[in-house]
Amino acid sequence: VMIAATGGRLRRAGDLFVAGASRSAQNILTAFIQIWANKGRSILTTLGIIIAVTAIITVVSFVEGFGKYMTNMLRGYGTQYMVVWPDISWEQELTGIGRVSMTERDVEAVRTECPDVARITPFLYTQTEVAYRKGGVENIPTRGVTEEYQVIRNYYVDKGRFFGPLDVETAAPVVVVGRSVLKLLECDESILGDTIQIADRRLRVIGILEEKGSFMGDDQDETVMIPYTLMMQMFPQMRDTMRFLAEADGEEKIDDAEAQIRRVLRRRHGLEIGQPDDFGIQRQDQMLREFRRMRSTAAGVLAGIVSISLLVGGIGIMNVMFVSVSERTREIGLRKSVGGRRRDIMLQFLTEAVVLSTTGGAIGVALGYALTYVAALHPQMVEIDVPIWSVALALGFSAGAGVIFGIIPAFKASILHPIDALRHE
């Protein structure tokens with residue numbers, strides 16, 4: 001008996017489910033029939049939804065595409081290194097009082113006392129005039145480093161060689177140049193083995209750096225690199241204000257490497273507990289995280305701004321649904337007079353509003369894909385992919401707009417009195 005009763009309840013539940021699914025399918029079919037019967041009005045009604053979804057897809061795709069491009073570029077410059085510099089205020093620079101220093105001995109102490117630092121290089125920087133034969137260019141970024149700089153920053157040569165430990169130890173008069181410097185000097189790869197003049201010193205070109213491109217408007221190929229020991233001879237004032245780059249022995253050890261560097265420098269500089277550091281540390285991975293946060297914020301803000309047009313589109317759907325209710329008042333009265341329930345009528349008009357807005361959203365998604373595809377055909381455009389989550393978000397918002405702005409007209413239709421509705425002209 002219990003089995004028979006349970007079987008009967010399951011059959012009734014199944015029948016109700018099939019009936020509900022059938023009514024939903026019928027409501028959706030009716031909605032498409034109404035949309036097709038009023039094609040012009042439906043297109044104009046959904047225009048706001050179409051524009052909003054197209055804008056969301058396009059904006060998010062472009063922000064994500066450029067974000068991935070910049071992230072990959074930052075990763076290409078290395079993510080395990082940090083820059084350490086003496087924290088000198090402009091008053092100290094002018095007066096020389098309380099002067100902060102960073103020397104070779106500090107760099108060597110970090111090298112020997114920090115086990116989680118895999119590589120380290122002094123980093124001296126200035127802008128100098130570079131001359132070749134009868135031509136010359138001013139304000140060329142000049143870097144004094146060791147051979148480990150190329151590994152830390154992924155700055156390798158594709159012609160010739162980088163200077164080695166012996167060149168650094170002997171302050172050899174050698175230089176490697178970037179591709180943009182060759183263009184500025186109006187020469188080509190034949191400059192290898194020849195000499196150029198930097199700050200009144202003649203240096204032999206032993207290597208040409210591989211092309212890195214631009215980063216935030218800064219041409220990474222417009223640079224020359226020389227041994228830091230040679231640069232200290234050329235610019236003696238840099239000896240006591242030396243920066244250096246330190247690379248951690250793996251991404252998981254960056255925090256430990258930073259703590260070890262901080263401990264060694266504070267001890268060497270005689271800083272007591274509570275005294276602020278007289279040096280600064282900037283980690284590349286922190287820059288990468290900050291950029292990702294900014295990218296996500298920008299994508300969200302821009303998507304939110306363009307989503308305002310969804311509100312306009314939703315209001316348009318609500319208006320046209322009020323018109324539809326008014327036009328079909330007699331139909332509503334007829335359905336209610338033959339036993340139609342409030343919830344059935346409300347569900348019918350709500351389904352029409354959702355189908356109308358979702359159809360507009362689908363058209364907007366298609367247009368968004370088309371726009372990003374056309375933009376990606378440009379040879380200088382970064383790779384653009386439409387994120388799946390942006391498609392789901394756009395369609396979800398458009399369907400939600402149909403529910404929110406369609407429920408009031410649907411409720412109005414459901415509460416009409418059948419006699420009054422049948423009398424409606």
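As the structure is a prediction and not an experimental result, all values here were calculated from the model. Because only heavy atoms are used, hydrogens play no part in the values below, and waters and symmetry mates are left out as well, while side chains stay in.
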>> Please determine whether the number of non-hydrogen atoms from other residues, nucleotides or ligands lying under 6.0 Å from atom CZ of R105 exceeds 12.
In response: no
>> Applying salt bridge (charged side-chain N to carboxylate O under 4.0 Å, His left out) to R133 and E186, what does each step give before you reach the verdict?
In response: CA-CA 10 Å; R133 293 181 179 174; E186 299 181 354; over 6 Å; no
> If every non-hydrogen atom of A257 is compared with every non-hydrogen atom of M82, which pair is closest and at what distance?
Replying inline: CB-CE, 4.2 Å
> Do any N or O atoms from the side chain of R266 and from the backbone of E272 form a donor-acceptor pair under 3.5 angstrom?
Replying inline: yes
> Taking atom types as modelled, is there a side-chain donor on D240 or T103 under 3.5 Å from an acceptor on the other?
Replying inline: no
> Is the shortest heavy-atom distance from the side chain of K183 to the side chain of V137 under 4.5 Å?
Replying inline: no
> Closest heavy-atom contact between M231 and R143?
Replying inline: SD-C, 3.8 Å
>> Applying side chain to side chain contact (heavy atoms under 4.5 Å, CB included) to V181 and V224, what does each step give before you reach the verdict?
In response: CA-CA 8 Å; V181 176; V224 295; 4.2 Å; yes
>> Quick check: closest heavy atoms across N139 and P141, and the distance to 0.1 Å?
In response: O-CD, 3.5 Å
> Checking salt bridge (charged side-chain N to carboxylate O under 4.0 Å, His left out) for the pair R111/E108: CA distance, chi angles, key distance, verdict?
Replying inline: CA-CA 5 Å; R111 184 193 303 275; E108 191 59 33; 3.5 Å; yes
> Under 4.5 Å between any side-chain heavy atoms of D249 and V117, yes or no?
Replying inline: no
> Under the side chain to side chain contact (heavy atoms under 4.5 Å, CB included) criterion, do L192 and I206 qualify, and how do the steps go?
Replying inline: CA-CA 6 Å; L192 275 174; I206 61 172; 5.7 Å; no
> With a 4.5 Å limit on heavy-atom distance, are the side chains of E147 and R119 in contact?
Replying inline: no
>> Please find the pair of heavy atoms, one from F62 and one from A375, that lie closest to each other, and give the distance.
In response: CZ-CB, 3.4 Å
>> Between H269 and D106, is there a side-chain heavy-atom distance shorter than 4.5 Å?
In response: yes
>> Tell me the closest heavy-atom pair linking I261 and A246, and the distance in Å.
In response: CD1-CB, 3.7 Å
>> Name the residue from T126, L230, T142 that meets the side-chain contact (heavy atoms from CB on, under 4.5 Å) definition with F235.
In response: T126
> Is T372 reaching over with its side chain to a backbone N or O of Y369, donor-acceptor style, under 3.5 angstrom?
Replying inline: yes
> Are V176 and I208 close enough that some pair of their side-chain heavy atoms sits under 4.5 Å apart?
Replying inline: no
>> Evaluate Y132 against D194 for side chain to side chain contact (heavy atoms under 4.5 Å, CB included), listing each step before the verdict.
In response: CA-CA 9 Å; Y132 178 63; D194 208 341; 2.9 Å; yes
> Is it true that a side-chain atom of Q260 and a backbone atom of D116 form a donor plus acceptor pair closer than 3.5 Å?
Replying inline: yes
> Is the number of heavy atoms from other residues, nucleotides or ligands within 6.0 Å of CD (E169) greater than 12?
Replying inline: no
>> For R204 and T195, which I'm curious about, is there any donor-acceptor pair between the side chains at under 3.5 Å?
In response: no
>> Using the rule given for side chain to side chain contact (heavy atoms under 4.5 Å, CB included), can you reason through F123 versus V83, listing the C-alpha separation, both sets of side-chain angles and the distance that settles it, and then say yes or no?
In response: CA-CA 9 Å; F123 181 77; V83 183; 5.6 Å; no
>> Whether the side chain of D221 engages the backbone of K212 through a donor-acceptor N/O pair (distance < 3.5 Å, no angle test) should be reported.
In response: yes
> Is any side-chain heavy atom of L182 closer than 4.5 Å to a side-chain heavy atom of V177?
Replying inline: yes
> Does any non-hydrogen side-chain atom of I226 lie less than 4.5 Å from one of L203?
Replying inline: yes
> What's the verdict on salt bridge (charged side-chain N to carboxylate O under 4.0 Å, His left out) for D219 and R179, showing C-alpha distance, side-chain angles and the deciding distance?
Replying inline: CA-CA 10 Å; D219 186 358; R179 292 282 175 179; over 6 Å; no
> Rounded to the nearest 0.5 Å, what separation is found between the CZ atom of R201 and the OG1 atom of T128?
Replying inline: 12.5 Å
> What's the spacing between M102 CE and R268 CZ if we round to 0.5 Å?
Replying inline: 10.5 Å
>> Once rounded to the nearest 0.5 Å, what's the spacing between atom CG of L245 and atom OG1 of T146?
In response: 9.5 Å
> Do Y228 and E104 have side-chain atoms, one donor and one acceptor, less than 3.5 Å apart?
Replying inline: yes
> Do other residues, nucleotides or ligands put more than 12 heavy atoms under 6.0 Å from the OH atom of Y156?
Replying inline: yes
> Is any side-chain heavy atom of F163 closer than 4.5 Å to a side-chain heavy atom of P227?
Replying inline: yes
> Once you round to the nearest 0.5 Å, how far does OG1 of T223 lie from OH of Y155?
Replying inline: 6.0 Å
>> Using every non-hydrogen atom in the two residues, find where V130 and I196 come nearest and quote the distance to one decimal.
In response: CG1-CD1, 3.9 Å
>> So, taking the atom named CG in D277 and the one named CG in L271, what distance separates them when rounded to the nearest 0.5 Å?
In response: 6.5 Å
> Rounded to the nearest 0.5 Å, how far does CG of D256 lie from SG of C114?
Replying inline: 11.0 Å
> Going by atom types only, do Y125 and R243 share a side-chain donor-acceptor pair under 3.5 Å?
Replying inline: no
> Do D255 and R283 meet the salt-bridge criterion of a basic N to acidic O distance under 4.0 Å?
Replying inline: yes
